[in-house]
Number of protein chains: 2
Amino acid sequence: MSPKITTELLKQLRQVMKNPKYVQEPVQAYIVPSGDAHQSEYIAPCDCRRAFISGFDGSAGTAIVTEQHAAMWTDGRYFLQAAHQMDNNWTLMKMGLKDTPTQEDWLVSVLPEGSKVGVDPFIIPADQWKRMSKALRSAGHDLVPVKENLIDTIWTDCPQRPCKPLIMLDLSYTGVSWRDKITALRSKMAERKVMWFVVTALDEVAWLFNLRGSDVEYNPVFFAYAVIGMNTIRLFIDGDRMMDPAVREHLQLDSTLEPEFKIQVMPYGSILSELQAVGAGLSPKEKVWLSDKASYALTEAIPKAYRYLTPYTPICIAKAVKNVSETEGMRRAHIKDAVALCELFNWLEKEVPKGTVTEIIAADKAEEFRSQQKDFVELSFATISSTGPNGAIIHYKPVPETNRTLSVNEIYLLDSGAQYKDGTTDVTRTMHFGTPSAYEKECFTYVLKGHIAVSAAIFPNGTKGHLLDSFARSALWDCGLDYLHGTGHGVGSFLNVHEGPCGISYKTFADEPLEAGMIVSDEPGYYEDGSFGIRIENVVLVIPAETKYNFKNRGSLTFEPLTLVPIQTKMIDVNLLTQKECNWVNDYHQKCREVVGAELERQGRHEALRWLIRETEPLVRVQ
Amino acid sequence: MSPKITTELLKQLRQVMKNPKYVQEPVQAYIVPSGDAHQSEYIAPCDCRRAFISGFDGSAGTAIVTEQHAAMWTDGRYFLQAAHQMDNNWTLMKMGLKDTPTQEDWLVSVLPEGSKVGVDPFIIPADQWKRMSKALRSAGHDLVPVKENLIDTIWTDCPQRPCKPLIMLDLSYTGVSWRDKITALRSKMAERKVMWFVVTALDEVAWLFNLRGSDVEYNPVFFAYAVIGMNTIRLFIDGDRMMDPAVREHLQLDSTLEPEFKIQVMPYGSILSELQAVGAGLSPKEKVWLSDKASYALTEAIPKAYRYLTPYTPICIAKAVKNVSETEGMRRAHIKDAVALCELFNWLEKEVPKGTVTEIIAADKAEEFRSQQKDFVELSFATISSTGPNGAIIHYKPVPETNRTLSVNEIYLLDSGAQYKDGTTDVTRTMHFGTPSAYEKECFTYVLKGHIAVSAAIFPNGTKGHLLDSFARSALWDCGLDYLHGTGHGVGSFLNVHEGPCGISYKTFADEPLEAGMIVSDEPGYYEDGSFGIRIENVVLVIPAETKYNFKNRGSLTFEPLTLVPIQTKMIDVNLLTQKECNWVNDYHQKCREVVGAELERQGRHEALRWLIRETEPLVRVQ
């Protein structure tokens with residue numbers, strides 16, 4: 001991977017930062033966040049402005065360019081990658097390290113007095129704007145919105161914003177009609193005495209209308225906003241997608257409907273002016289509900305006194321709790337996904353010893369097997385196919401420059417998943433195709449103990465996921481080991497593979513309590529820089545737990561694994577497991593064998609079935 | 001316990017709320033927080049204003065009185081007690097329950113439009129003022145400071161503010177001189193570019209000057225403030241305490257000193273005007289450092305642009321990490337404390353079957369045995385001596401109305417501690433003097449498993465205590481049980497038994513990472529309303545841990561129990577313990593026997609020694 005040469009681009013950017021055509025007054029610094037106007041994690045090529053200006057294309061990072069400096073803030077997952085991808089015009093700011101300044105502190109240290117710091121008000125979330133603006137103001141500087149995105153002005157071959165056809169999901173997938181979702185949303189709005197709700201996150205728009213798209217790779221969403229009033233529905237969306245008779249039928253655009261369910265379709269680009277009109281027409285006590293992560297531009301469209309901001313929207317919370325149709329769909333998707341992975345691992349076992357399988361070939365093969373499954377749509381994220389030292393790069397994605405050949409001497413880590421019309425998968429397995437060392441097995445077993453500790457945990461209703469994070473680390477901690485990422489994230493139902501408002505992390509973000517029906521990942525790991533990476537990840541469903549007692553009638557919860565892919569027993573040091581842990585593995589493998597075995601049988605995949613049966617032989621603890 | 005009749009008092013309070021002698025404009029609501037002007041947890045009788053107006057004398061609670069209503073917010077520890085102590089003029093607001101409104105929401109729901117809500121600006125912390133003021137303002141009301149405390153105006157027999165003699169601690173106790181503490185503080189101030197530091201918490205003043213007092217029961221502190229400049233030291237303190245030649249010598253008041261160590265002694269009541277003078281004389285960029293929990297009155301004395309507020313002060317953080325002199329002192333104090341408890345439990349074993357020992361008698365006996373130990377000063381909190389159903393009242397304190405007789409049929413819970421000149425203790429043991437039921441033993445054993453899980457935990461340097469909380473609950477959660485309080489708090493060194501900035505709790509407050517030398521309690525419990533309470537508490541010291549590996553050279557930590565009092569093996573269901581847990585108990589008891597046994601021997605307490613030896617017999621697991 002050679003770094004992107006950015007000298008000329010930075011020169012151009014510094015020119016437009018002073019060009020009165022674009023800025024009212026010159027800005028001494030310009031911030032380029034990662035996100036798009038919807039604060040999406042995965043973004044369309046036209047929104048990859050930070051990658052364009054810097055070369056660094058990891059999923060998280062913020063660039064700031066001043067007259068003299070260019071600096072990039074990113075987190076531990078990306079220190080190596082960012083250092084490789086950026087030229088020496090750039091300073092890497094390693095977030096999470098003690099001596100790394102915050103963006104605000106750094107700006108204050110480098111800017112001349114009374115500077116203006118520009119940012120695209122559509123890209124920066126309102127909560128970030130507030131924090132940064134306050135810090136800059138207290139040091140005598142100003143954060144200013146720059147209407148025209150300055151990167152776009154110098155990005156001559158910027159790709160077009162995608163505008164692909166929509167997918168309609170019927171009740172058998174969603175369980176609830178969009179009309180019922182709107183009704184439920186309005187009752188939440190009434191509870192909080194709110195008159196309007198602005199849907200800004202792409203997955204929230206998609207979920208609300210039971211539609212999916214493919215404007216963004218991996219996330220089945222489409223560019224749109226919605227504004228829901230107590231009696232009106234406005235959908236802001238571009239292209240001729242609304243000409244499709246099936247879409248018109250799905251949204252009942254041509255039916256005679258009660259007026260409160262009549263959808264007004266408006267151009268995507270008109271959201272700001274329409275919202276400003278809403279803002280201008282509010283009577284006292286008419287509040288407008290927005291996520292506090294909505295863009296500064298849209299938030300500012302509503303006068304401050306009328307805003308009702310929350311970290312999680314009622315759609316985000318409703319979306320997280322999957323109904324029976326959704327959990328059944330997720331189960332089906334995970335069985336199909338397991339079939340594909342059994343095929344893959346059986347194939348790898350035969351091919352790896354020949355020395356012809358690279359990380360890219362393995363990733364492609366995984367996609368090929370998945371694409372053979374019913375209702376397959378696309379991958380749910382870029383496959384992490386990594387062997388040996390590449391496995392220690394937590395968010396590694398093989399590219400020709402780093403592509404390594406799998407061998408019988410190295411650990412192979414595959415973190416992959418897919419979008420099926422009935423569900424989203426995300427699974428990591430760590431395999432050895434030769435003979436693992438005692439140390440590799442030891443580390444793998446600690447990670448497995450952590451995985452089991454979370455998966456088998458029983459906890460009271462109302463518990464937040466971050467309270468479970470240490471369970472995943474305890475076995476590693478006992479030996480002085482750890483991993484530098486969270487343990488789990490929410491997973492959407494044929495939607496984003498990462499979603500809020502729940503998760504399992506030592507970072508005590510404001511997560512909502514876990515509830516039956518929520519779906520999260522359980523993925524502890526261990527990474528040895530320069531040597532290997534280990535991660536064991538299942539997607540798990542929160543379910544009620546039966547307990548001997550029931551303190552204050554609170555009820556208890558636990559997890560049911562949706563992922564049903566064998567965990568390589570060759571990597572386990574059985575004597576490090578307790579009998580309870582050993583039983584967990586055997587029960588899990590028994591279930592994989594029964595459920596996935598039946599599907600392999602049904603699909604006539606006999607060789608993979610034999611592989612599955614062999615890989616799910618019970619462990620025996622020698623005492 | 002009969003409730004306090006408050007009809008007349010509330011009438012008087014409502015009158016002064018409109019009396020122009022005390023308020024510029026009538027206030028429609030008046031807030032009476034628990035605290036004093038130093039935001040102390042334990043307060044002097046003259047500061048018990050909330051107890052005076054309501055009758056409820058628990059350690060935490062906020063009263064709000066309006067024209068029509070009187071409401072009391074308190075947490076789960078005090079629901080029963082508050083309900084017993086307050087008459088029906090009062091509405092109990094149970095904090096932590098879903099339907100309980102916040103104080104702000106409740107005020108907004110009951111107040112007429114454009115109301116004024118009064119509060120004593122010395123009693124309300126600045127961060128609370130800010131939050132409440134913002135919420136009230138956004139609903140069209142105003143939070144206003146009422147200079148004269150309105151409770152004091154109607155409290156005709158209010159006790160005097162105490163002003164007792166000071167205790168000097170020499171280097172053998174403190175390890176560091178007050179001059180070196182001032183120097184270290186000034187270097188922290190220089191790091192943050194701060195010119196002044198205002199010491200508002202009583203334990204911080206005491207720690208900084210190596211002085212102790214007895215103005216507040218249980219906390220060896222004295223009423224004072226300090227303002228530390230880069231070249232000046234001002235101590236605000238009343239009475240003739242500064243006339244004591246030993247104090248003058250200790251503070252070097254009459255010596256020829258470098259000017260930056262010359263202490264100016266000023267009247268306690270002059271802090272506000274002196275601080276206002278400091279505030280008025282600041283040049284640009286001269287910041288003043290205060291805790292964000294300092295009173296609104298003192299915070300407002302410094303113009304906003306000059307304030308530097310942090311949740312924990314540098315003194316709070318330095319004080320938490322005990323030096324060798326302090327940890328050695330804490331060890332000695334805990335050995336003496338264990339001697340007293342061995343005597344007590346030996347005595348109880350003989351006396352309880354006679355049916356003559358009440359909770360109050362047992363508590364008094366515990367104090368008697370403690371007071372026989374060297375350097376005993378006073379108790380460190382009100383002894384929780386509770387048997388049977390009283391044990392389920394988490395912060396129970398026996399009073400004649402509730403005083404129960406210990407018997408061979410009920411569980412007895414004793415949570416007690418003392419201040420010795422060399423350290424502070426806090427220990428809970430749960431005993432049965434007859435034959436515990438299988439269920440009682442089962443619950444006790446889950447609590448013990450939780451206690452051990454925390455005490456034996458190994459975790460990386462930099463870990464915050466709240467990440468360990470779930471370890472204490474896991475065994476209880478597995479059976480559907482839990483306890484509704486945190487697992488541990490910081491403990492001072494001959495100072496407050498509860499201190500920041502570290503702790504172990506599911507409440508993710510902004511705790512500082514655990515560091516070697518910090519001292520916390522480890523006290524999981526289980527409470528069955530109406531039946532019994534179980535808690536097992538040790539004070540533990542954070543120490544470096546030896547681990548097999550050392551991930552990224554971070555180093556690991558664990559705990560060493562300072563408390564050395566046997567855990568009643570009769571209450572343990574050995575078969576619920578793992579071998580590792582069983583070994584932990586046996587190792588712990590071995591240490592109790594050796595260390596405390598030697599001291600019992602030295603003190604010639606042979607009967608208690610025999611009791612100790614019997615109670616520390618190793619457990620044997622039958623498999």
Side-chain angles (χ1 to χ4, degrees), chain A residues 76 98 138 140 284 304-305 307 439 442-443 446 453-454 456-464 466-471 473-484 505-511 526-529 545-558 578-580 623, chain B residues 76 96 98 138 140 284 304-305 439 442-443 446 453-454 456-464 466-471 473-484 505-511 526-529 545-558 578-580 623:
Chain A
K98 225 177 170 175
S138 83
K304 202 171 168 186
R307 285 177 216 156
Y439 178 61
E442 183 186 357
C443 295
Y446 296 146
V454 170
I458 294 172
F459 48 91
N461 252 317
T463 302
K464 293 182 171 191
H466 69 255
L467 291 173
L468 308 180
D469 184 74
S470 298
F471 290 154
R473 299 177 199 273
S474 181
L476 287 162
W477 282 357
D478 278 346
C479 299
L481 304 180
D482 197 7
Y483 54 96
L484 301 182
S505 178
Y506 60 96
K507 295 168 201 149
T508 50
F509 62 103
D511 52 339
Y526 176 68
Y527 310 92
E528 193 134 310
D529 283 349
E546 290 298 318
T547 51
K548 188 168 176 189
Y549 306 111
N550 187 7
F551 179 63
K552 299 209 183 273
N553 289 311
R554 276 199 297 178
S556 291
L557 299 171
T558 187
T578 64
Q579 190 57 55
K580 224 170 130 183
Q623 278 194 312
Chain B
K98 226 177 167 175
S138 84
K304 201 170 169 185
Y439 178 61
E442 184 186 358
C443 295
Y446 296 146
V454 169
I458 293 173
F459 49 92
N461 253 316
T463 302
K464 294 183 170 190
H466 69 254
L467 292 172
L468 308 180
D469 184 73
S470 298
F471 291 154
R473 298 176 200 273
S474 181
L476 288 162
W477 282 357
D478 278 345
C479 299
L481 304 180
D482 197 7
Y483 55 95
L484 301 182
S505 178
Y506 60 96
K507 294 169 203 150
T508 50
F509 61 103
D511 52 340
Y526 176 68
Y527 310 92
E528 192 135 310
D529 283 348
E546 290 297 318
T547 53
K548 189 169 176 188
Y549 306 112
N550 187 6
F551 179 63
K552 296 205 184 277
N553 290 311
R554 277 200 296 178
S556 292
L557 299 171
T558 186
T578 64
Q579 189 57 53
K580 224 170 130 184
Q623 277 194 310

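The chains referred to below are lettered A, B, ... by the order of the sequence lines, with proteins before strands, and numbering in each begins at 1.
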- [ ] For A:Ser556 and B:Gly480, work out which heavy atoms get closest and say how close.
- [x] OG-CA, 3.9 Å

Open item on the list: Please classify the contact of A:Asp478 with chain B as side chain, backbone, both or neither, using a heavy-atom distance under 4.5 Å.
Closed with: both

Open item on the list: Please classify the contact between A:Tyr527 and chain B as side chain, backbone, both or neither, with a heavy-atom cut-off of under 4.5 Å.
Closed with: backbone

Open item on the list: Checking A:Arg473 against B:Leu467 for the side-chain contact (heavy atoms from CB on, under 4.5 Å) test, could you report, in this order, the C-alpha distance in whole Å, the side-chain angles of both residues, the deciding distance, and whether it holds?
Closed with: CA-CA 10 Å; A:Arg473 299 177 199 273; B:Leu467 292 172; over 6 Å; no

Task: Among the listed options B:Thr578, B:Asp529, B:Leu481, the residue most often paired with chain A at heavy-atom distances under 4.5 Å - done: B:Leu481

Open item on the list: Taking every non-hydrogen pair under 4.5 Å, which of B:Asn550, B:Leu484, B:Leu468, B:Leu476 racks up the most with chain A?
Closed with: B:Leu484

State, yes or no, whether a side-chain contact exists between [X] and [Y] at a heavy-atom distance under 4.5 Å.
{"X": "B:Asp482", "Y": "A:Lys552", "answer": "no"}
{"X": "A:Glu442", "Y": "B:Tyr549", "answer": "yes"}
{"X": "A:Trp477", "Y": "B:Thr463", "answer": "yes"}

Task: Contact class of B:Lys580 relative to chain A, heavy atoms under 4.5 angstrom - done: side chain

Open item on the list: Please classify the contact of B:Phe471 with chain A as side chain, backbone, both or neither, using a heavy-atom distance under 4.5 Å.
Closed with: both

Open item on the list: Using 0.5 Å steps for rounding, measure from the OG atom of A:Ser470 to the NE2 atom of B:His466.
Closed with: 8.0 Å

